[in-house]
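Right, one structure below, let's go through it.
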Amino acid sequence: MLVKDLLQDLVKRALDAMQGDGVLPGDLSPNIQIERTRSKEHGDFATNVALTLAKVTKRNPRELAEAIIDALPEDAAVEKVEVAGPGFINFFLAGIERRSVVERVLEQGNQYGHSTQGGGQTVNVEFVSANPTGPLHVGHGRGAAYGATLANLLDATGYKVQREYYVNDYGRQMNILATSVWLRYLERNGEPVVFPSNGYRGDYIYDIADTITARFGDELQHPWDLVTEGVPADAPDGDKEVHIDALIGRAKTLLGDTDYMNVFDLALNIILDDIKDDLREFRVEVNCWFSERSLEEADGIKHAIDRLREADQTYEKDGALWFRATDFGDDKDRVLVRANGQSTYFASDCAYMLNKRERGADTLIYVFGADHHGYVTRLRFAGRALGINPDDMEIPLVQFATLYRGGKKVQMSTRSGQFVTLRELRNDVGNDAARFFYIMRGHEQHLEFDLDLAKSQSNDNPVYYIQYAHARICSVFRELAEKGWSRDADAGMANLELLGESHEEALFTSLARYPELVLTATHNRTPHMIAHYLRDLANDLHTYYNAHKFLVDEAGLRDARLNLILAVKQVIANGLDLLGVSAPESM
RNA sequence: GCGCCCGUAGCUCAACCGGACAGAGCAUCGGCCUUCUAAGCCGAGGGUUGCAGGUUCGAGUCCUGCCGGGCGCGCCA
């Protein structure tokens, strides 16, 4: 049981007693907030319950606080309780309680900070879900790091987590990709191809085209004149959308269904495999690569539309099938099935959402890039249409990351194909720094990613600073062995009371805070809190190291200090693990 | 035009359901030092939380309006 919960229980019992005695009205059920204090003078924990009760009971808050303290049951963990400020109740923990964290950490090891708070509820975390039309870029990287870390947090706090990537392998963009590949193939085989302005221009398209050549030789080749037969002009003279759609049509006609799909699938698989490798190397786990096409093939879209139709939420107009979004407060109704018989993305959204629910997800988390925030409303309407409680759907938006090198912004533009890929970033700064820097800021904040800092081996680099704290502790233990000593764990525990230095007190507090922090970070979907915490903990360790020698001659004190820093090492490792960052033994 | 997000120290960012004196790092300034491997350590200055109202015992946090920045609006995906 967390001390926080213990204190909450004590306060509750006090209030119950006061209600029983008629000192407080029996009908109030106060929300008892226990929080860590910001400064030591205010003790370890505080509650504002007297302030909140003062109003409803029309009593003086300080006086009420005194009364609550009088009714508070004794507990060995609490040394002193005080009224402070306008009516806060401050709790000072007993020394033995404060020190006990060392034992807890070492006992629980890599499980310290984990909990069963989630009660086994299933949470579906969908993230990245970039169209497989090219390699992931640095924008996707932030979503990947955020989603992966959030999933790790949920996992650690007792939720069943589905980590999911929605593979858009069905729509028009994929047809543009397949056609782009085929055109590059023709170009490589000597055709005088004029590449469409709306096609995918990246170099990787050539690589895929070469794979096509390796597999199919010149079987898929057709003369350029025939390819462009009847195709309207490209921009600027014509409409680039019409132009590319016509080219797609020609590709399908000339290649036939089978060969067209061969090109399509080959392109898709090469890119998707690349994305899978990329994420795996980035320590981003994905349990389910959910294919949009599979949804269509399994009649999932029809299934979802049937559901909406049964609920009388659809109607037909102008040959299309519409969803009555206005009934739910949208400014206009939304098309489910176009006049040409093709279903819309909104229909796929509904189908996929329904599918997630049918696979057992209680909560749906959609991690979106901020540029996709226009979909949020639509998705929420889909949820309402399908009868999903709005509280069971969350759509955190991850803002853009801007790269800086040499103090200057790295220019990027998807349109011109001038984007930095996630793989380039990882190769540049390393996986550890990339993971850490990505989640170091609140996800709703624009991120300035300083590439030079991320690479630097100095204390200014927070990743280095934290990892170094871990390695430094390992180094102390190597030194211990070199001196021919060893740690006596039991003696260390028995001598914890020798640890009375302010640096040691600070570490007790920091270590004890960790499980609460993990819960808060999970609950608020704010993994950056872990990064900030680890930086603070590392700072506590380094200042302690600078102020005191651990390997002192006096064995009792030495063992106690070694137990303490071993606990610090454990918590740093646990925290870094949640972030997907390694904890090196030496640097 | 409508909608969403953001605005906190010179810079990059924190601030747990609305709590106590708004905190870190970098940079700046002033000292110290050569250590369980680390040019590091200790300390100081720096703020009308974009502006103006409102709610509250209490607002960086909630509400309204404005200013500034980013993004989005489709029978595209």
Side-chain angles (χ1 to χ4, degrees), chain A residues 31 33 35-39 41-42 46-48 51-52 54-55 60-61 84-88 90 131 133 168 170-176 241 245 292 317-322 331-340 342-346 348 369-378 395 397 399-400 402 404 407 440-450 453 457-462 465 468 471-473 475-480 482-483 513 516-517 519-521 523-524 526 528-529 531-533 535-536 539 542-543 545-552 558 561-562 565 586-587:
Chain A
N31 172 23
Q33 301 172 36
E35 49 181 38
R36 288 265 170 196
T37 57
R38 284 194 212 218
S39 79
E41 296 82 67
H42 297 142
T47 179
N48 63 354
L51 289 162
T52 57
K55 183 160 193 195
N60 177 301
F88 289 103
N90 290 340
N131 285 352
T133 54
N168 192 307
Y170 184 62
R172 176 164 171 266
Q173 290 306 318
M174 289 306 297
N175 282 315
I176 295 176
E241 305 289 349
D245 282 338
E292 184 189 5
K317 192 183 87 181
D318 302 333
L321 184 70
W322 296 72
D331 47 8
K332 58 192 202 179
D333 289 339
R334 303 285 163 176
V335 173
L336 286 160
V337 183
R338 292 193 279 264
N340 66 8
Q342 276 230 309
S343 55
T344 60
Y345 243 49
F346 181 70
S348 294
D371 55 332
H372 285 61
H373 77 253
Y375 308 163
V376 169
T377 313
R378 186 182 74 188
I395 311 175
L397 298 175
Q399 296 289 334
F400 282 137
T402 314
Y404 282 81
M440 161 167 88
R441 304 300 181 212
H443 62 275
E444 292 188 325
Q445 291 289 337
H446 288 270
L447 171 69
E448 296 208 356
F449 196 123
D450 186 335
L453 181 62
Q457 305 231 325
S458 78
N459 288 348
D460 295 342
N461 180 351
Y465 190 72
Y468 178 42
R472 196 169 218 181
I473 294 167
S475 162
V476 170
F477 279 86
R478 283 192 293 270
E479 181 66 19
L480 177 78
E482 222 159 89
K483 291 194 174 200
R513 209 157 64 83
E516 298 157 23
L517 176 91
L519 283 172
T520 306
H523 181 255
N524 295 345
T526 49
H528 72 276
M529 294 180 78
H532 283 272
Y533 167 83
R535 221 235 151 246
D536 290 344
N539 182 53
H542 288 306
T543 54
Y545 180 100
N546 291 326
H548 299 285
K549 206 172 162 95
F550 306 154
L551 299 181
V552 292
R558 184 174 73 228
R561 287 187 167 164
L562 289 173
I565 64 170
S586 66
M587 290 172 75

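Each chain gets a letter, A, B and so on, in the order its sequence line appears, and its residues count up from 1.
- Within 4.0 Å of A84(A), counting heavy atoms only, lies at least one base atom of the nucleic acid.
- Positionally, the nearest nucleotide of RNA chain B for T377(A) lies more toward the 5' end than for the other of T377(A) and E448(A).
- In a base pair of the Watson-Crick type (N1 to N3 plus N6-O4 or O6-N4) or a G-U wobble (N1-O2 and O6-N3), with each distance short of 3.5 Å, C62(B) is matched with G54(B).
- In the set C75(B), C21(B), C57(B), C57(B) carries the atom at the smallest distance from any side-chain atom of L51(A).
- Separation of the C1' atoms belonging to G10(B) and C5(B) is 26 Å when rounded to the nearest angstrom.
- With a cut-off of 3.5 Å on both pairing distances, the Watson-Crick or G-U wobble partner of C26(B) is G10(B).
- Side-chain atoms of D460(A) stay outside donor-acceptor range of the base of A27(B), with no qualifying N/O pair under 3.5 Å.
- OP1 or OP2 of C76(B) has at least one side-chain nitrogen or oxygen of R338(A) nearer than 4.0 Å.
- Ring pair H542(A)/Y465(A) is tilted by interplanar angle, where 30° to 60° counts as tilted.
- For G74(B), one of the phosphate oxygens OP1 or OP2 lies less than 4.0 angstrom from a side-chain nitrogen or oxygen of R334(A).
- When heavy atoms are screened at a 4.0 angstrom cut-off, H446(A) is found touching the sugar-phosphate backbone but no base atom.
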Just the table, please: protein N/O against nucleotides 14-18 of chain B N/O, every pair under 3.5 Å.
{"unit_1": "A14(B)", "atom_1": "OP1", "unit_2": "G442(A)", "atom_2": "N", "d": "2.5"}
{"unit_1": "A15(B)", "atom_1": "OP1", "unit_2": "H528(A)", "atom_2": "NE2", "d": "3.1"}
{"unit_1": "A15(B)", "atom_1": "O2'", "unit_2": "R38(A)", "atom_2": "NH2", "d": "3.4"}
{"unit_1": "C16(B)", "atom_1": "N4", "unit_2": "R36(A)", "atom_2": "O", "d": "3.2"}
{"unit_1": "C17(B)", "atom_1": "OP1", "unit_2": "N524(A)", "atom_2": "OD1", "d": "3.2"}
{"unit_1": "C17(B)", "atom_1": "OP1", "unit_2": "N524(A)", "atom_2": "ND2", "d": "3.0"}

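- Side-chain atoms of H373(A) and base atoms of G3(B) include a donor and an acceptor less than 3.5 Å apart.
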For nucleotides 36-42 of chain B, list the nitrogen or oxygen atoms of the protein found under 3.5 Å from its nitrogen or oxygen atoms, one pair per line.
{"unit_1": "C36(B)", "atom_1": "O2", "unit_2": "F550(A)", "atom_2": "N", "d": "3.3"}
{"unit_1": "C36(B)", "atom_1": "O2", "unit_2": "L551(A)", "atom_2": "N", "d": "3.4"}
{"unit_1": "C36(B)", "atom_1": "N3", "unit_2": "F550(A)", "atom_2": "N", "d": "3.3"}
{"unit_1": "C36(B)", "atom_1": "N4", "unit_2": "Y545(A)", "atom_2": "O", "d": "2.4"}
{"unit_1": "C36(B)", "atom_1": "N4", "unit_2": "H548(A)", "atom_2": "O", "d": "2.8"}
{"unit_1": "U37(B)", "atom_1": "OP1", "unit_2": "S475(A)", "atom_2": "OG", "d": "3.1"}
{"unit_1": "U37(B)", "atom_1": "OP2", "unit_2": "E479(A)", "atom_2": "OE1", "d": "3.2"}
{"unit_1": "A38(B)", "atom_1": "N9", "unit_2": "Y468(A)", "atom_2": "OH", "d": "3.4"}
{"unit_1": "A38(B)", "atom_1": "N7", "unit_2": "Y468(A)", "atom_2": "OH", "d": "2.2"}

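- Summarising the base pairing, C17(B) is matched to no nucleotide, lacking a Watson-Crick or G-U wobble pair whose two defining distances lie under 3.5 Å.
- Summarising the geometry of Q33(A) relative to T47(A), their closest heavy-atom pair is O-OG1, 2.8 Å, with the distance given to 0.1 Å.
- Pairing partner, G1(B): C73(B), with both Watson-Crick or wobble hydrogen-bond distances short of 3.5 Å.
- If you check every strand for non-hydrogen atoms under 4.0 Å, N131(A) touches sugar and phosphate atoms only.
- Among the heavy atoms of the strands lying under 4.0 Å from N90(A) is at least one base atom, whether or not backbone atoms are also near.
- The pairing partner recorded for G40(B) is C32(B), the criterion being a Watson-Crick or G-U wobble arrangement whose two distances lie under 3.5 angstrom.
- In this structure, the separation between CG on D371(A) and CD on Q399(A) is 9.0 Å, given to the nearest 0.5 Å.
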